[in-house]
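Chain letters run A, B, ... following the sequence lines, proteins first, then strands; residues in each count from 1.
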There are 2 protein chains.
Amino acid sequence: MKQQKTTIHDIAKALNTTASTVSRALNNHPRISQKTKDKVAEMARKLGYEPNTMASSLRLGHSKIIGIIVPYVDRIFFSSVIRGIEEQARKHGYNVIICQSHEKLSKEIEDVNTLLAAQVAGIIISISKETRDVTHLLRVQEKGKPLVLFDRTSALLKAPSVTINDFDGAYQSVVHLIKNGYQRIAHIAGDLSVSIFKDRLEGYKKALRDHQVELHEEWIIEAPSDVAAGRPAIEKLMQKPVAPDAFFFSSDFTALGAVKHLQSINFKIPDQIGIVGFGNDQVTQYFNPALSSVDQKSIQMGDEAARIFMDCLQHGSDTTKQVVLAPKLIVRKSSCPSA
Amino acid sequence: MKQQKTTIHDIAKALNTTASTVSRALNNHPRISQKTKDKVAEMARKLGYEPNTMASSLRLGHSKIIGIIVPYVDRIFFSSVIRGIEEQARKHGYNVIICQSHEKLSKEIEDVNTLLAAQVAGIIISISKETRDVTHLLRVQEKGKPLVLFDRTSALLKAPSVTINDFDGAYQSVVHLIKNGYQRIAHIAGDLSVSIFKDRLEGYKKALRDHQVELHEEWIIEAPSDVAAGRPAIEKLMQKPVAPDAFFFSSDFTALGAVKHLQSINFKIPDQIGIVGFGNDQVTQYFNPALSSVDQKSIQMGDEAARIFMDCLQHGSDTTKQVVLAPKLIVRKSSCPSA
DNA sequence: TGAAAAGGTGTAATGGATTGCACAGCATAT
DNA sequence: ATATGCTGTGCAATCCATTACACCTTTTCA
């Protein structure tokens, strides 16, 4: 039933040579003659040889596997990044192994341990919302393994990263709203202890300042990045003494929930209220009205993260490497009044 | 810089015993005294011991890693299933390693090779659309490794699987449309060489027959499962001598594209035309009108697949195990005329 | 022509955990 | 007292690929 796997020893025996020669031939060692290499390659094929990656990883001290940690794999942003990483990694003969932190620090630490035990070549991670302490990530670096951050980074950590310019994405969005005639622009922020949401808030503020639009601190509120959070956020904002006429959301999901609610109480979007979201999730374009949103270049982000990772492997970590992708505001109907 | 990893030998030395005893103690071998086990456990903790999974995998001939192959990780259905698998697998101390087939047989074969070389414990897969020949999957079974299929299966393969009852999902949908007064129900099918789409078609037909609603073969067309395919599909159907008054789609995405187009030429949904999709993708509920759709129980599917997988590991593969989840039609506005 | 350099291959150790077999110590049974 | 059995450990081989070092052969060049 179970097949006997063929090893380099089998090839060696068949060729009347030794395992070392076979190993060298397969690894294209310069001191092996072309003739030998050819013979070995052919015999390997004939015997259906498959290298045992465990054995080589054990010897080498690391595998050709990249560990990835994300909060949840089934969030489209993360799964897109993973796609980008996987495709780039594969070009270099690397595999990806995936863990979910569930936005919990404790789970993230456990994940790091698991990946380290699995002898991954290094880790690419988007840290959880809870992550303040980063000693578990320092451990990765201490082992001399590449650590690359994406999207969510930490100031406590010197590591290469790929992010989008959240500040700029927010800035563009708010300027766009202003240009389209909205004057009382509120911001529904994400968890402000996370840097990306902080940056978006700052971009929002700067845009207002630069265009002499008044900034009401009371129009800035923090809300979870999910659909359910949309309605209460809106309700709170609409009952302020002066109600906003536009909302810039840090999350498409919160925006969705908000729009649903606004429509249910008969507000016209975009004519009475303008909306811009963040993330350019697939849902936004099919929504009615289609939602303006900032695209996060997710696949590209993954691709870039994997490139940096491979670069670290080859030339050592350049912890100052910070790739910042330019976000792109996708303008759709929700922020373009007909008048 | 690089840390010296502590091995069982280090623990043995510190305890003045041997590696074998340590190994057995850590693995809870019955012949080791509790006292020794405690001492070993304590010393392991003290020295910060992390087992080297490569070494143990090499010795054991398999790792605690489950290989997953899906067409694309960034399709919400697949990423949800992966989430389900990952969470269940983790409970058993297993990791998942992910490959994408890009719907190509050649890539799928390559993926299988990669995973086998990585010494995975087994593979959980949703086969690509192109996959007819399954010899690469037979190889997995020949090695005595569990192979579990989900969603898309193959009649050529004797392997445990988890699917939803596509036939029933379609049947429910069409009955629902009929009950809501639609009489001329068309079906936009997916690639009919894939069994799930075939089954949905059959469910559609059966529902019509059971309710004495006429079946027009010309109202059944095949289209890719993406947004772009929606419009041409609709155009083709609407110019038939007798135009349909409802559409049952094998894919939410095709449905989305179709609805967009229908609305742009001023058809009222659901009053003039009823729509039901398949997949219950997240987008459907936020669409306007909200789309009725068949829920595929994706996370549950992953969870179930992982359970079966673990079961195969423990008790050997039961190739006849076919878990069929009951789909659930989620009724929303797109199929409920106000009249 | 002799010596140094380059080319080609084998020997044996290495990485870390696992496990069949052997054996020592002690207890119970006869 | 001898046999039988159980408990608790150690020895050494094993999984497979890699590689430092050594050795022999051939080429190159003063």
Gap between atoms CG and P, on A:L58 and C:dA17 respectively (whole Å): 9 Å
d(NE2, A:H62; C1', D:dA17) in whole Å: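 After rounding, the reported distance stands at 13 Å.
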Tell me what [X] touches on the nucleic acid: a base, only sugar-phosphate, or nothing, going by heavy atoms under 4.0 Å.
| X | result |
| --- | --- |
| A:P30 | nothing |
| B:L26 | nothing |
| A:T53 | nothing |
| A:S57 | nothing |

Audit row: A:L105, A:H136, side chain to side chain contact (heavy atoms under 4.5 Å, CB included) steps and yes/no: CA-CA 10 Å; A:L105 173 60; A:H136 56 301; 3.6 Å; yes
D:dC11 phosphate, OP1 or OP2, under 4.0 Å from B:S20 side-chain N/O: no
Side-chain N or O of B:S33 closer than 4.0 Å to phosphate OP1/OP2 of D:dT9: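 Checking B:S33 against D:dT9: at least one side-chain N or O falls below 4.0 Å of OP1 or OP2.
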Donor + acceptor pair across side chains of B:Q322, B:S161 (<3.5 Å): yes
Validation row: B:F78, B:Q100 side chains within 4.5 angstrom (heavy atoms): no
B:A55 vs A:I32, nearer the 5' end of DNA chain C by closest nucleotide: A:I32
Residue met sooner reading DNA chain D from 5', once A:N27 and B:T21 are mapped to nucleotides: B:T21
